[in-house]
There are 2 protein chains.
Amino acid sequence: MMGSLKNTFIRYRYIAVYGLLMAVLVFVLKWLQWRFLIAEGSIEIYIGLIALFFTVLGIVVSRQFDRRKVVRTVVIEKEIPVPVQTPFIVDASALENLNLTAREYEVLQLMAKGCSNTEIAEALFLSLSTIKTHASNLFVKMDVTSRTKAIEKAKRLKITP
Amino acid sequence: MMGSLKNTFIRYRYIAVYGLLMAVLVFVLKWLQWRFLIAEGSIEIYIGLIALFFTVLGIVVSRQFDRRKVVRTVVIEKEIPVPVQTPFIVDASALENLNLTAREYEVLQLMAKGCSNTEIAEALFLSLSTIKTHASNLFVKMDVTSRTKAIEKAKRLKITP
DNA sequence: ATCCAGCTCATACTAAAGTACCGAAGTGCA
DNA sequence: TGCACTTCGGTACTTTAGTATGAGCTGGAT
């Protein structure tokens, strides 16, 4: 209750001050009128003073209101480098160029995971001989001479994670 | 020359406009005074009009100036995530945990690049025996049993690209 | 039906990788 | 100086990887 009343006062205090100044001014004017303006011809000075006063008053009041209204928000877009974890995507074209068969690619993938030929054979339910054959064939197709180089090339060509 | 003169005009045009309005006003006031204010008692209305006019004038002039001067800019930074290809950074802590010697780490790095033991020996100007020793030792430290597993683990722990 | 690519497995062999153990030389430190 | 550690190199051996070749089987294309 008290807070909202206080806020209301703050919000409209410029209007209150303006009204108060107006009241003071009326007294001043009446006093000036009574004091000096019996004599004819000084009416121009009187009006000039009033004009000056109200001009200044208008400026002051305007500035008081504008001070809180003219807040221009400028949104500046700032590029912030964010390390984005690239989800692995197979380079399909690179993979097709190698002309690997499905089995050979399977073997290659398991190789890249560090499996030995024996482990690959167990994983695919094949004999060691078969794995060796596939491995040998895929080495020829990939133009490498060892599994280590095959793995390095496969990762470089983005056909294995 | 022409440009600076034009700029000067633009800079002070509000003052010029203000002066012009003042001049016009004098004519209007004189006319009003001659037209209506023969009768006594309407002087308060006359002064009231002048007060109102100059208040409005002050406000208008003030706003014109304030429009360009009192603009408080609030800068709001808007984050724009920019995908940046993560430059490889070694996980120093993971590397330290392995307690690899400098030579062993060198061998590991070359392994990860697909080099055979012979190639590593040639690259480091060492004998094949030495490379085998280093390899065997680093396998124990990395708790793996083959170079392919060592490479896979090294990449997974981010100690090689 | 025939042909062919791909998958499977096998054998035999060579090459490379990996293990184990050893010793010499250098380095840093108490 | 002696100790601990690393580096380097060696020998001997086992295991794994890789090559070469052949053969049986299958599904799909011609």
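Here the structure is a predicted model, which is why all the values come from computation and not from measurement. All chains are named by letter (A, B, ...) in the order of the sequence lines, taking the proteins before the strands, and each is independently numbered beginning at 1. The figures here come from the full heavy-atom set of this structure, side chains too, leaving out hydrogens, waters and symmetry mates.
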Query raised in the report: Okay, side chain of B/E104, backbone of B/T101: is any donor-acceptor separation there less than 3.5 Å?
Result: yes

Query raised in the report: Within this structure, what is the CE-to-P distance between B/M142 and C/dA17, rounded to whole angstrom?
Result: 17 Å

Report task. When you get a sec, tell me which of C/dG18, C/dA17, D/dA17 is the closest nucleotide to the side chain of B/T118? Result -> C/dA17

Query raised in the report: Are any side-chain N or O atoms of A/Y105 and backbone N or O atoms of A/I159, one a donor and one an acceptor, separated by less than 3.5 Å?
Result: yes

Query raised in the report: Just how far, in rounded Å, is C1' of C/dA17 from CG of B/L110?
Result: 16 Å

Report task. Look at the side-chain N and O atoms of B/T130 and state whether any lies under 4.0 Å from the OP1 or OP2 oxygen of D/dG9. Result -> yes

Requested in this report: Indicate whether OP1 or OP2 belonging to C/dC9 is found under 4.0 Å from a side-chain N or O atom of A/S127.
Outcome: yes

Query raised in the report: Does a nitrogen or oxygen in the side chain of B/S146 sit under 4.0 Å from OP1 or OP2 of C/dA17?
Result: no

Query raised in the report: Ion pair present between B/E119 and A/K149, side-chain N to carboxylate O less than 4.0 angstrom?
Result: yes

Report task. Ignoring backbone atoms, establish whether A/N117 has a side-chain N or O less than 4.0 Å from OP1 or OP2 of D/dA17. Result -> yes

Query raised in the report: Are A/T133 and A/T130 close enough that a side-chain donor and a side-chain acceptor fall under 3.5 Å?
Result: no

Query - DNA chain D: 5'-proximal contact among A/V140 and B/K132 (nearest heavy atom) - result: B/K132

Query raised in the report: Does OP1 or OP2 of D/dT7 have a side-chain N or O of B/H134 closer than 4.0 Å?
Result: no

Requested in this report: Answer with base, sugar-phosphate or nothing: what part of the nucleic acid does B/T145 contact at a heavy-atom distance below 4.0 Å?
Outcome: sugar-phosphate

Query raised in the report: Tell me: CG of A/L138 to C1' of D/dT19, nearest whole Å?
Result: 13 Å

Report task. To the nearest Å, give me how far apart CD1 (A/I120) and C1' (D/dT16) are. Result -> 12 Å

Query raised in the report: Across the strands shown, which category fits A/A102 at heavy-atom distances under 4.0 angstrom: base, sugar-phosphate, nothing?
Result: sugar-phosphate

**Report entry** Residue whose nearest DNA chain D nucleotide is more 5′ - B/N137 or A/R147
**Finding:** B/N137

Report task. Rounded off to whole Å, could you give me the CG-to-P distance for the B/L124 and D/dT7 pair? Result -> 12 Å

Query raised in the report: What pairs with B/K158 under salt bridge (Lys or Arg N to Asp or Glu O under 4.0 Å), at least two apart in sequence or on another chain?
Result: none

Query raised in the report: OP1 or OP2 of D/dT16 sitting under 4.0 Å from any side-chain N/O of A/S116?
Result: no

Query - Length of the CG-P vector between A/L128 and C/dC9, whole Å - result: 11 Å

**Report entry** Contact under 4.0 Å: B/T101 side-chain N or O vs D/dT6 OP1/OP2
**Finding:** no

Query raised in the report: Would you say A/R103 reaches C/dT8's phosphate, i.e. side-chain N/O to OP1/OP2 under 4.0 Å?
Result: yes

Query raised in the report: Just how far, in rounded Å, is P of D/dT26 from CG of A/L126?
Result: 16 Å

Report summary line: Of the candidates C/dT19, D/dG18, C/dC7, the side chain of A/F139 sits closest to D/dG18

Query - Integer-rounded Å distance: C/dA17 C1' and A/K149 NZ - result: 13 Å

Query raised in the report: For the side chain of B/R147 and the backbone of B/A135, is there at least one donor-acceptor N/O pair under 3.5 Å apart?
Result: no

